Amino acid sequence: MGVVPQVWKRLMVTFIVIYILNFTVVAVATMILCFFVGNGISTVFFFILLIIYIIGFVYLTIVWQLASVVTVLEQSYGIKAMNKSRKLIKGKFWVALAIFFKLNVVFGGIQFVFYGFVVHGYVWEMWKRVLVGLSCLALLVPIVLYGLVLQTIIYFVCKSHHNETIDKPTLSKRLGEYDRLLSDPNEVQLEKV
């Protein structure tokens with residue numbers, strides 16, 4: 001929790017930029033679709049726009065995930081972090097896409113189980129639904145943390161792929177500042193109890 005005050009403003013700017021980009025794409029696609037409603041080609045045009053939107057959404061999501069790592073580990077945020085992550089992802093896009101796809105399949109499976117057995121599990125008793133819900137939560141937390149670690153690994157792999165130097169002293173100093181915040185002497189640590 002000591003790290004959050006250091007990075008939350010930069011992360012929020014990056015998140016707002018990606019949401020604006022997604023909203024703009026959806027708004028433009030909706031306006032184009034509304035223009036062609038009523039024509040015979042509207043259904044075909046809808047599916048073409050849907051495919052283009054899904055491809056763009058997946059690309060923006062992969063860039064956004066890498067941009068969040070760039071925001072935490074570097075000084076850039078917002079549009080700069082998005083551009084940096086877009087440049088970094090070149091050459092390793094298919095690796096990032098495969099990892100993104102596999103993680104989302106696992107997320108989708110957990111969500112399917114949760115909605116099927118907890119939200120719409122009308123035939124089950126309440127204690128069974130709570131047990132399945134807690135199990136889904138217990139599976140989801142480590143997978144989210146694993147995803148964050150994978151995003152950081154992709155960041156370092158992409159930097160290495162582009163032969164960019166990883167400024168280890170600066171990175172160590174930055175992470176050391178985070179560590180210093182975590183080991184505040186006024187804070188009671190579990191080891192001290």
Side-chain angles (χ1 to χ4, degrees), residues 1-31 49-108 110-111 137 139-184:
M1 293 306 292
V3 176
V4 173
Q6 295 285 324
V7 297
W8 77 269
K9 290 178 186 176
R10 295 189 316 222
L11 278 173
M12 286 305 295
V13 170
T14 305
F15 292 159
I16 289 170
V17 166
I18 193 67
Y19 290 133
I20 289 172
L21 286 174
N22 277 333
F23 177 74
T24 304
V25 169
V26 170
V28 169
T30 303
M31 287 189 302
L49 275 178
L50 181 67
I51 291 170
I52 292 171
Y53 174 73
I54 289 172
I55 291 170
F57 179 75
V58 168
Y59 179 75
L60 280 176
T61 303
I62 291 171
V63 170
W64 165 63
Q65 288 176 346
L66 191 60
S68 64
V69 176
V70 169
T71 301
V72 172
L73 296 180
E74 297 181 8
Q75 286 294 330
S76 60
Y77 58 92
I79 298 287
K80 286 182 183 179
M82 294 290 292
N83 285 334
K84 175 78 174 181
S85 66
R86 188 179 53 80
K87 289 176 185 173
L88 282 175
I89 205 76
K90 287 181 182 174
K92 292 294 181 183
F93 176 75
W94 295 107
V95 173
L97 181 66
I99 292 170
F100 172 78
F101 180 74
K102 288 177 184 179
L103 279 176
N104 280 325
V105 165
V106 173
F107 283 134
I110 293 171
Q111 187 175 8
L137 178 66
L139 284 173
L140 195 62
V141 169
I143 290 173
V144 167
L145 294 175
Y146 182 68
L148 292 173
V149 170
L150 283 177
Q151 290 172 14
T152 307
I153 291 171
I154 289 173
Y155 167 78
F156 286 120
V157 167
C158 289
K159 282 195 66 96
S160 174
H161 176 73
H162 290 287
N163 295 325
E164 290 187 21
T165 58
I166 299 168
D167 191 5
K168 292 177 186 175
T170 304
L171 183 62
S172 175
K173 181 183 174 197
R174 180 176 307 255
L175 294 175
E177 289 174 5
Y178 294 155
D179 189 40
R180 181 187 54 79
L181 289 171
L182 291 175
S183 62
D184 185 19

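Along the sequence shown, residues carry numbers from 1. Nothing here was measured: the structure is a model prediction, and the numbers come from that model.
The backbone N or O of T71 lies less than 3.5 Å from a partner atom in the side chain of R10, making a donor-acceptor pair.
More than 12 heavy atoms of other residues, nucleotides or ligands lie within 6.0 Å of NZ in K159, so this atom counts as buried by the packing criterion.
A donor-acceptor contact closer than 3.5 angstrom links the side chains of E74 and Y155.
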Checklist entry - Given F107 and L140, is the side chain to side chain contact (heavy atoms under 4.5 Å, CB included) satisfied, shown in steps? => result CA-CA 7 Å; F107 283 134; L140 195 62; 3.4 Å; yes
Next on the checklist: I'd like to know whether Y77 forms a side chain to side chain contact (heavy atoms under 4.5 Å, CB included) with L11, so could you lay out the CA-CA distance, the side-chain angles of the two residues, the decisive distance to 0.1 Å, and finally the verdict.
Outcome noted: CA-CA 7 Å; Y77 58 92; L11 278 173; over 6 Å; no
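A heavy-atom distance below 4.5 Å is found between the side chains of L66 and I154. Contact of the L103 side chain with the Y146 side chain is registered, since non-hydrogen atoms from C-beta on lie closer than 4.5 Å.
A distance of 10.5 Å separates OG of S68 from CD1 of I18, quoted to the nearest 0.5 Å.
Minimum interatomic distance between A96 and I89 (heavy atoms only, all atoms of both residues): CB-CD1, 3.7 Å. Considering all non-hydrogen atoms of both residues, M82 and A67 come closest at SD-CB, 3.8 Å. Summarising the geometry of L88 relative to V70, their closest heavy-atom pair is CD1-CG2, 4.2 Å, with the distance given to 0.1 Å.
Listed by first then second residue, pairs satisfying side chain to side chain donor-acceptor pair (under 3.5 Å) with a partner in residues 85-103 number zero, not counting sequence neighbours.
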